[in-house]
Amino acid sequence: MALRIEYVTPYGITCESAYCVVVNARCIREDDVYPVDYNGKIYASESAYNNGSSAIGGFNGRFELDVAAAKTQYNIIKQCYLDLKTEDGFTDGVDC
């Protein structure tokens with residue numbers, strides 16, 4: 001699972017099909033709330049990711065875990081991607 005976006009590096013290089021991958025998610029219960037912190041890497045393209053190239057950027061996010069009786073509640077990584085798609089720069093992302 002990944003998200004494809006247009007990404008401009010800090011050096012001004014535009015990657016039209018950058019590949020965003022969540023690499024870490026953690027949830028630590030705080031009273032009756034379940035906050036999830038996640039981070040990920042951005043690669044120049046899917047082939048760069050598949051070939052083991054270095055990431056060109058990264059991202060961090062945080063949201064409250066959805067514990068409703070829905071299918072996505074069991075897939076924390078999917079919930080990370082759903083949250084990421086609400087953040088600036090990722091709203092036009094395409095699921096891969």
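Heads up: numbering here begins at 1 and tracks the sequence.
With respect to Asp95 and Lys85, a salt bridge is recorded, a charged nitrogen being found less than 4.0 Å from a carboxylate O. A salt bridge does not link Asp37 with Arg26: none of the charged nitrogens is closer than 4.0 Å to a carboxylate oxygen.
In Tyr38, the OH atom is crowded: over 12 heavy atoms of neighbouring residues, nucleotides or ligands sit closer than 6.0 Å. Atom CG of Asn50 has more than 12 neighbouring heavy atoms from other residues, nucleotides or ligands inside a 6.0 Å radius.
Between Phe59 and Ile42 the shortest heavy-atom distance is CD2-CG1, 3.9 Å. The two residues Val36 and Ala25 come nearest to each other via the heavy atoms CG1-CB, 4.5 Å. Nearest heavy-atom pair across Arg62 and Glu30 is NH2-OE2, 3.6 Å. Across all non-hydrogen atoms, the minimal contact from Gly89 to Ile5 is O-CD1, 3.8 Å.
Listed by chain and number, the residues in a side chain to side chain contact (heavy atoms under 4.5 Å, CB included) with Val94 are Arg4 (sequence neighbours excluded). The side chain to side chain contact (heavy atoms under 4.5 Å, CB included) check on Asn60 picks up Asn39, with sequence neighbours excluded. Listed by chain and number, the residues in a ring-ring contact (aromatic ring centres under 6.0 Å, His included) with Tyr81 amount to none (sequence neighbours excluded). Taking Thr14 as the reference, Glu6, Val8, Glu16 meet the side chain to side chain contact (heavy atoms under 4.5 Å, CB included) condition, with sequence neighbours excluded. For Asp32, the salt bridge (charged side-chain N to carboxylate O under 4.0 Å, His left out) partners two or more places apart in sequence, or in a different chain, are Arg29. For Thr9, the side chain to side chain contact (heavy atoms under 4.5 Å, CB included) criterion is met by Tyr7, Tyr11, Ile13, Cys15, Ile56, not counting sequence neighbours.
When atom types are taken as modelled, the side chain of Thr91 and the backbone of Asp88 share no donor-acceptor pair closer than 3.5 angstrom. Within the 3.5 Å criterion, the main-chain N or O of Ser47 finds a donor-acceptor partner in the side chain of Asn51.
Atom-to-atom distance recorded for Glu46:CD and Ser17:OG is 9.5 Å, nearest 0.5 angstrom. The CG atom of Leu3 sits 12.0 Å away from atom SG of Cys80, with the distance rounded to the nearest 0.5 Å. Between the CD atom of Glu87 and the CZ atom of Phe63 there is a distance of 11.0 Å, given to the nearest 0.5 Å.
Checked against a 6.0 Å centroid threshold, the rings of Tyr19 and Tyr43 do not count as neighbours.
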**Q.** Val33 vs Glu64, side chain to side chain contact (heavy atoms under 4.5 Å, CB included): CA-CA, chis, key distance, verdict
**A.** CA-CA 7 Å; Val33 179; Glu64 186 176 321; 3.6 Å; yes
